[in-house]
Amino acid sequence: MNEPDCLFCKFATGKIPVNFVYETEHVLAFRDINPQAPSHILIIPRRHIATINEIEDSDAELVGMLVTAARDIAKQEGTDTAGFRVTMNCNKAAGQSVFHVHLHLLGGRKFAWPPG
Ligand code: 5GP
Ligand code: ZN
């Protein structure tokens, strides 16, 4: 199911063209338009889920696919050995700005901890 007003659904349905760096039956990934690291990829389910709060127990396999995609894309990007960061922001206080769940895969530089 897709939301007509959701930007990432428009990417998923091809309504807005975007170059995918990774594509499976259930998962897509593309470069962030405003990268926060030399390699900054967004990994999304094709199906619309607004935030982590709306993830159902039955979505566990799909959510796992976001992480296995991150593993594969990090290898593709050459960031797997040095290290990379995976982030999911949920709702406003965490800085979520697009309400279709996505995993940020960041690599190619050193990251601070704790995050800002
Ligand atoms: P959030 O802030 O919701 O965790 O992450 C949303 C991300 O989507 C941001 O990092 C932002 O730069 C990215 N983004 C917003 N609009 C577009 C767009 O039109 N194309 C791409 N590729 N990324 C976008
Ligand atoms: Zn959506």
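Atom set for the values below is all heavy atoms of this structure, side chains included, hydrogens, waters and symmetry mates excluded. Both counts, for ligands and for their atoms, begin at 1 and track the order of listing.
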I'd like to know whether the aromatic ring centres of H100 and H102 sit less than 6.0 Å apart in this structure. no

Checking one value in my table: which N/O/S atom of H100 lies closest to the Zn ion (ligand 2)? ND1

Of all N/O/S atoms in H48, which lies nearest to the Zn ion (ligand 2)?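 Checking each N, O and S atom of H48, the shortest distance to the Zn ion (ligand 2) belongs to ND1.
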
Top protein contact for [atom], by heavy-atom distance:
atom                    : answer
atom 7 (C) of ligand 1  : D32 OD2, 3.4 Å
atom 24 (C) of ligand 1 : I33 CG2, 3.4 Å
atom 8 (O) of ligand 1  : L42 CD1, 3.5 Å
atom 3 (O) of ligand 1  : S97 N, 2.6 Å
atom 16 (N) of ligand 1 : L7 CD2, 3.5 Å
atom 22 (N) of ligand 1 : R31 O, 2.8 Å

[X] heavy atoms, cut-off 4.0 Å: which ligand 1 atoms fall inside?
X   : result
F11 : 18 (C), 19 (O), 20 (N)
F30 : 22 (N)
N34 : 12 (O)
N89 : 4 (O)

Touching ligand 1 at all, [X]? Heavy atoms, strictly under 4.0 Å?
X    : value
H104 : yes
H102 : yes
F99  : no

Answer yes or no: does an N/O atom from F8 fall short of 3.5 Å to an N/O atom of ligand 1? no

Evaluate V18 for polar contact with ligand 1, using N/O atom pairs at a separation under 3.5 Å. no

Can L62 and I49 be said to form a side-chain contact (heavy atoms from CB on, under 4.5 Å), step by step? CA-CA 11 Å; L62 177 62; I49 304 172; 4.1 Å; yes

Donor-acceptor contact below 3.5 Å, side chain [X] vs main chain [Y]:
X    : Y   : answer
D72  : A69 : no
R47  : N2  : no
R109 : Q36 : yes

Could you go step by step and tell me if M88 and H104 meet the side-chain contact (heavy atoms from CB on, under 4.5 Å) rule? CA-CA 6 Å; M88 287 178 88; H104 294 260; over 6 Å; no

In terms of side-chain geometry, is the basic nitrogen of K10 or E3 positioned less than 4.0 Å from the acidic oxygen of its partner?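 No salt bridge links K10 with E3.
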
Please check if F84 and V27 belong to a single hydrophobic cluster, counting links between Ile, Leu, Val, Met, Phe, Trp and Tyr side chain heavy atoms closer than 4.5 Å.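 Yes; tracing contacts between hydrophobic side chains, which count when under 4.5 Å, links both residues.
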
To the nearest 0.5 Å, what is the distance between NE2 (H48) and SG (C6)?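 It comes to 5.0 Å.
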
Calculate, to the nearest 0.5 Å, the distance between atoms OG1 and CG belonging to T79 and L105 respectively. 5.5 Å

If you compare all heavy atoms of G107 against all heavy atoms of A37, which two are closest, and at what distance to 0.1 Å? O-CB, 3.5 Å

